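Okay, so here's the structure we're looking at.
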Amino acid sequence: MGRKSLKETRQLEIIKMFYEVAKKEGYENTSIAKIAKVMDINPSLILHYFATKEDLTYALIDHILESYLLIYTVKDKDQATLENLQRTVEMLFSKEWNLLFDDGLFYTFYALAFREEKIKSKYKVILDSLRQGLAAIIEQCNEKGLTTIKAPQTAADFIFVLVDGAYFYLSLENDMAAYIQRLNFYKQKAYEFLEIPQLTVA
């Protein structure tokens, strides 16, 4: 894969700054002018790459997908191992996973999905891609005789239903000890459902 072009590099810089400003100020209070001011550039430079705030929003949602898919460290699904599956479960039920994207922005965009078909379709792509990635690992582990998980796609769907519900509930929890306890409980239930041993860290 070649190096990113200057255009791609600049677009990514703008997307990341949009995320930081929106996380701090709130999506509704974020404008292209504010982003330009923080970046110390002319707003016209942002408009050169993103004609509207909506275009910038779509680009950020696409960036979310790329970030989430980084949990799948197996580049070739034919090489998936039980440890890959275990590490994926560990990542899904971790603070690191939850911090990949700000809760406030995630649910703001999720709410917009009910009004904007394009955002809805992008969220569908994110959720389907994550499920397909997990299902592929499960299928390969089954083929190697490492697991005997029935209906890999259904199993992957169930795990993400658990993940989505867990983080929505935990986003309301201010007690960190309670947060960690509940997260570990949900992770344990995921392991039990998949009928695989929990990863032990030396």
Side-chain angles (χ1 to χ4, degrees), residues 1-75 87-88 90-134 160 163-164 166-177 179-180 183:
M1 188 169 64
R3 296 175 59 186
K4 286 187 176 181
S5 67
L6 179 60
K7 176 183 177 181
E8 291 174 318
T9 299
R10 180 49 63 95
Q11 285 177 324
L12 185 57
E13 289 174 354
I14 294 169
I15 290 167
K16 288 183 175 180
M17 187 54 66
F18 170 50
Y19 170 74
E20 291 301 328
V21 174
K23 183 169 67 170
K24 180 179 179 181
E25 303 286 341
Y27 176 75
E28 296 79 5
N29 298 321
T30 300
S31 64
I32 286 177
K34 282 187 178 180
I35 299 168
K37 183 177 181 180
V38 173
M39 296 183 73
D40 195 24
I41 60 175
N42 193 296
S44 63
L45 183 57
I46 295 179
L47 292 171
H48 174 71
Y49 295 111
F50 304 100
T52 65
K53 180 180 174 181
E54 287 70 28
D55 289 338
L56 195 46
T57 299
Y58 302 148
L60 177 56
I61 293 174
D62 287 336
H63 182 61
I64 296 170
L65 172 59
E66 293 178 11
S67 298
Y68 279 144
L69 291 179
L70 291 177
I71 68 163
Y72 299 121
T73 58
V74 185
K75 302 304 180 186
R87 290 194 178 280
T88 298
E90 290 292 324
M91 176 60 80
L92 288 173
F93 294 92
S94 70
K95 191 68 175 171
E96 184 179 357
W97 168 262
N98 195 31
L99 291 176
L100 277 175
F101 195 69
D102 178 70
D103 282 341
L105 283 179
F106 183 89
Y107 290 117
T108 293
F109 292 159
Y110 185 75
L112 288 175
F114 292 94
R115 300 198 301 271
E116 295 191 34
E117 191 62 35
K118 190 168 183 177
I119 292 180
K120 181 179 180 179
S121 65
K122 285 181 176 293
Y123 260 65
K124 185 72 163 52
V125 167
I126 291 174
L127 299 178
D128 285 347
S129 296
L130 288 170
R131 283 160 167 76
Q132 289 163 7
L134 179 56
F160 274 99
V163 168
D164 293 340
Y167 285 118
F168 178 75
Y169 174 73
L170 291 174
S171 68
L172 308 175
E173 179 60 71
N174 294 321
D175 184 329
M176 186 52 62
Y179 179 102
I180 294 172
L183 191 59

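Just so it is clear, the structure is predicted and the values come from calculations on it, not from any experiment.
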Residues passing the ring pair (Phe, Tyr, Trp, His ring centres under 6.0 Å) test with Tyr58, sequence neighbours excluded, are none
The ring pair (Phe, Tyr, Trp, His ring centres under 6.0 Å) partners of Tyr68 (sequence neighbours excluded) come to Trp97
Tell me, do [X] and [Y] make a side-chain contact under 4.5 Å, heavy atoms counted?
{"X": "His63", "Y": "Leu12", "value": "yes"}
{"X": "Val38", "Y": "Glu20", "value": "no"}
{"X": "Thr52", "Y": "Asp55", "value": "yes"}
{"X": "Leu92", "Y": "Phe160", "value": "yes"}
{"X": "Asp103", "Y": "Tyr167", "value": "no"}

The salt bridge (Lys or Arg N to Asp or Glu O under 4.0 Å) partners of Asp164 (sequence neighbours excluded) come to Arg131
Presence of salt bridge, Glu90 and Arg87, under 4.0 angstrom:
no
Value for CG (Leu6) from CD (Glu8), rounded to nearest 0.5 Å, stands at 10.0 Å
*asked:* Can you tell me how the ring of Tyr123 sits relative to the ring of Phe106, calling it parallel under 30°, perpendicular over 60° and tilted otherwise?
replied: tilted
With a 3.5 Å distance limit and no angle check, can you tell me whether Tyr19 reaches the backbone of Leu105 through a side-chain donor-acceptor pair?
no
| query | Around Tyr110, counting heavy atoms of other residues, nucleotides and ligands shown, do more than 12 lie under 6.0 Å from its OH? | reply | no
